[in-house]
Protein chains: 2
Amino acid sequence: MKSKTLSNIAFRRHDHRRCQQFLLAEADQHCHSLNLRLTSRRRQVLEILLGSHQPMGAYDILAELNRVDRAERIAPPIVYRALDFLLQQGLIHRIESRNAFISCVQPGHQCAAQFLICRDCEQVAELETHEQELLAEADSLGFAVDHSIIEITGVCAQCQKDG
Amino acid sequence: MKSKTLSNIAFRRHDHRRCQQFLLAEADQHCHSLNLRLTSRRRQVLEILLGSHQPMGAYDILAELNRVDRAERIAPPIVYRALDFLLQQGLIHRIESRNAFISCVQPGHQCAAQFLICRDCEQVAELETHEQELLAEADSLGFAVDHSIIEITGVCAQCQKDG
DNA sequence: TTCATAATGTTATATTATAACGTAACCAAA
DNA sequence: TTTGGTTACGTTATAATATAACATTATGAA
């Protein structure tokens with residue numbers, strides 16, 4: 001239990017709206033500084049994810065878009081393209097074991113993230129710890145790492161109490 | 001780089017047939033000792049996966065079943081059920097980031113496995129290392145771990161040479 | 001043999017994701 | 001300010017992955 005940065009926002013109280021605004025501003029700045037376009041669609045999808053702090057499926061996001069914008073009938077590729085962009089920029093993560101997406105609580109930190117996923121309340125906590133050992137190990141095998149996925153499923157403290 | 005057990009079978013030469021026979025025998029024994037039935041369907045699916053040492057999609061397995069058994073027309077649920085059984089017994093793993101399945105090279109070792117996935121040759125190496133720190137961390141948050149997924153994507157040494 | 005259970009088989013359908021192609025917005029250079 | 005290249009968006013259709021629901025068959029204990 002050495003250097004540990006815990007960001008288990010999902011499992012704590014916090015000022016949701018404020019957090020959301022802060023992360024949106026960070027996203028704006030990130031894209032602006034790289035001369036990338038955080039278009040209204042992309043921003044809209046990011047806002048939806050930020051409004052949740054829980055993983056959402058692509059089709060959940062789609063439904064939300066269509067709920068808000070009742071005139072249009074938005075189709076899957078639009079959502080998937082926005083998600084791809086946000087993933088590439090490290091503004092969101094994909095939870096592989098859930099086919100779902102969640103906003104990143106620490107954009108710009110290289111986002112080699114780890115998740116604790118409660119199978120009861122479905123909340124997800126994002127950790128940011130030393131995975132150096134693991135990566136060093138890959139390295140010692142001559143394996144050039146692009147991307148790592150660490151997803152730990154179980155039952156969170158709250159659900160254990162409630163259960 | 002402390003205690004390391006490397007089983008990157010995919011990235012080494014080995015006697016494939018012998019390895020396959022050994023793992024099948026282990027599976028038989030495992031199920032027998034727990035009074036579980038490694039039925040012919042389950043065994044058939046395991047054999048297909050053992051014959052590959054690479055991840056296969058459920059529909060790849062399905063196609064293989066239908067290729068072998070030309071009389072029948074096997075449907076998806078049959079494959080998924082066999083896969084579920086084999087997963088529960090820790091005889092195979094699911095690679096979440098690929099929607100694919102691969103035989104476990106160390107059945108019975110609790111199988112908290114980690115994978116190095118080459119995005120070039122698509123080979124997968126299974127590591128078995130200390131993920132104790134990570135699990136200890138989850139524990140320190142009061143999180144009761146069921147299952148952990150660690151999947152690292154990149155380029156293997158061989159493909160770096162070839163590339 | 002009979003019954004309960006577990007496993008398999010079958011049909012239909014749900015869920016997740018992408019291919020392919022056309023249109024609109026953006027922006028730099030003429 | 002047009003032109004043309006590029007990037008993003010929109011649309012239709014369909015591919016790939018997975019499961020629900022229910023019928024049938026096999027297994028094994030009473």
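Quick caveat, the model's predicted, so the values are computed rather than measured. Reminder, nothing fancy here: chain letters follow the sequence lines and each chain counts from 1.
The neighbour count for A:Q29 CD, taken as heavy atoms of other residues, nucleotides or ligands under 6.0 Å away, does not exceed 12. Around CD of A:Q160, the count of heavy atoms belonging to other residues, nucleotides or ligands within 6.0 Å exceeds 12.
Note: CG (A:L62) to C1' (D:dG10) measures 13 Å, nearest angstrom. The nearest whole Å value for the distance from the CD1 atom in A:I74 to the P atom in D:dA8 is 18 Å. Nucleotide D:dT17 holds its P atom 13 Å from the CD atom of A:E96, rounded to whole Å. Atom pair A:I78:CD1 and D:dT12:C1' shows a separation of 12 Å (rounding to whole Å applied). Atom-to-atom, CG of A:D60 to P of C:dA14 comes out at 16 Å; the value is rounded to the nearest Å. Going from atom CG of B:N66 over to atom P of C:dG9 covers 11 Å, rounded to whole Å. One interatomic measurement links the two molecules: CG of A:L36 to C1' of C:dC26, which rounds to 14 Å at whole-angstrom precision. Here the P atom of nucleotide C:dC26 and the CZ atom of A:R41 are 14 Å apart, to the nearest Å.
For D:dT12, the OP1/OP2 oxygens have no side-chain nitrogen or oxygen of A:R73 closer than 4.0 Å. Between B:R94 and D:dA18, a side-chain N or O to OP1/OP2 separation shorter than 4.0 Å is present. The phosphate of C:dA25 (OP1 or OP2) has no side-chain N or O of A:T39 nearer than 4.0 angstrom.
For A:E151 (side chain) and A:E96 (main-chain N/O), a donor-acceptor pair under 3.5 Å exists by modelled atom type.
Closest heavy-atom contact between B:H30 and B:Q89: NE2-OE1, 3.0 Å.
The side chain of B:P77 lies closest to D:dA20, out of C:dT8, D:dA20, C:dA19.
Nearer to the 5' terminus of DNA chain C, by closest-nucleotide assignment, is the contact made by A:A58 (compared with the other of A:R81 and A:A58). DNA chain D is contacted by both B:Y80 and B:N35; B:Y80 maps to the nucleotide lying nearer its 5′ end (nearest heavy atom per residue). When each of B:F85 and B:N99 is assigned the nucleotide of DNA chain C bearing its nearest heavy atom, the one mapping closer to the 5' terminus is B:F85. Positionally, the nearest nucleotide of DNA chain D for B:R98 lies more toward the 5' end than for the other of B:R37 and B:R98.
Look at B:Y59 and the base of D:dT17; the rings stack, centres closer than 5.5 Å and planes less than 30° apart.
Looking only at atom types and distance, the side chain of A:Q44 has a donor-acceptor partner in the side chain of A:R41 under 3.5 Å away.
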